[in-house]
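It should be emphasised that the depicted structure is a prediction, and the values quoted were computed from it without experimental measurement. Note that ligands are numbered from 1 as they come in the structure, with each ligand's atoms numbered from 1 the same way.
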Amino acid sequence: MRSKRVLAVAAVGLLLVGGAVLGYWSSWFRQELHAGAVREYALEIVAKDIELGDGAVWHAWTYNGTVPGPTLRVKAGETLRVRMRNRHTLTHSFHARLAGFSFEHDGSAANLVTGIGAAGVLVPGNEHLYEYRPTVPGVYYYHTGFADREHSGVQPEAQGLYGAIVVQDPKERTLREEVLFMGEIGPHTEGAVDPFIMNGMGFPGGRKGLLAVFHREGNAGLRAQFNKTLPVFKAKVNESFKLHVINIGSHQHSLYIPSAAVPSLGVLGGRQWPARVVPLAPGAADTLLVKFTEPGLWLFRCHIPSHADQGMIGLFEVSDAAR
Ligand SMILES: [Cu+2]
């Protein structure tokens with residue numbers, strides 16, 4: 001009887017040790033597998049005129065013609081390469097908010113001062129290859145790292161030169177991911193322009209403007225503005241997806257999404273922000289795990305009222321899972 005018990009304990013022990021060893025090796029193997037992989041993106045800095053509604057235009061500076069620029073995705077342990085060409089009329093660069101890269105890939109004025117990595121500061125027409133090996137999963141972003149008197153006091157980020165970098169955890173299940181940049185519009189505009197934008201879009205008059213367009217042009221007129229001047233995300237009831245939110249501006253912003261569960265994965269380790277409002281200091285970011293349990297056309301906004309009434313609104317169009 002006793003020997004049977006000893007055998008059973010030994011068998012359980014062996015299983016536990018075997019499981020731990022297997023887990024360690026599979027984790028090591030996964031990391032090694034990703035260590036060799038290279039993700040390469042091609043970016044071009046180009047001028048782009050973006051319509052803002054009511055005849056207003058933003059003469060933006062962009063990566064690849066959009067604000068924000070393309071989202072760069074890489075798994076932790078992989079190599080991220082960015083081949084960038086400057087097709088704009090001013091000098092710019094690429095600067096990543098990642099950790100542990102070498103000085104020659106900084107893309108800053110200090111590269112010109114030292115002469116190390118000076119080619120990473122791009123005069124018009126030049127091209128450069130930047131390289132990183134991020135190891136910590138999370139949301140980061142890139143922007144131009146060069147600003148001097150050539151830009152006549154304009155913050156180049158405000159003119160549209162930014163985009164997200166998502167470093168994925170190879171061990172994590174893949175969910176749909178969306179990106180939301182909050183900030184202010186750059187100064188190179190024509191016509192009546194509200195100062196606050198999300199993902200390069202600002203709805204004239206914000207919340208009040210929404211009703212004005214509906215009364216004037218009806219539902220069809222409002223829908224014509226979806227993802228033109230009004231950022232709109234689609235979702236299904238009970239679908240969980242990640243929303244990476246970044247304050248790229250120089251003002252404080254805060255994000256309010258009604259009804260949905262929005263635990264903070266990036267800052268609070270899965271807990272909700274008190275009062276369900278996400279505070280974002282200039283330059284700060286968070287990742288939210290969004291899940292709506294009710295269908296609807298949910299209006300999200302910057303919680304600062306004057307921002308929400310001057311462009312900073314958007315919609316989640318949530319439909320029943322069966323539809
Ligand atoms: Cu705001």
* Asked: Could Lys242 and Glu178 be called an ion pair, given the rule that one side-chain N must be under 4.0 Å from one carboxylate O?
  -> no
* To do: Establish whether Leu98 and Leu72 are linked, either directly or via other cluster members, by ILVMFWY side-chain heavy-atom contacts under 4.5 Å.
  => yes
* To do: Report the protein N/O/S neighbours of the Cu ion (ligand 1) that fall below 2.8 Å; do not count waters.
  => His253 ND1, Cys302 SG, His307 ND1
* **Glu239 with Lys234: basic N within carboxylate O range, under 4.0 Å** => no
* Asked: Listed by chain and number, what are the side-chain hydrogen bond (donor to acceptor under 3.5 Å, both in side chains) partners of Asp286, not counting sequence neighbours?
  -> Ser264, Trp273
* Asked: Pick from Arg87, Arg83, His88: which one makes a side-chain hydrogen bond (donor to acceptor under 3.5 Å, both in side chains) with Glu44?
  -> Arg87
* Asked: Between the side chains of Arg97 and Tyr140, does any donor sit under 3.5 Å from an acceptor?
  -> no
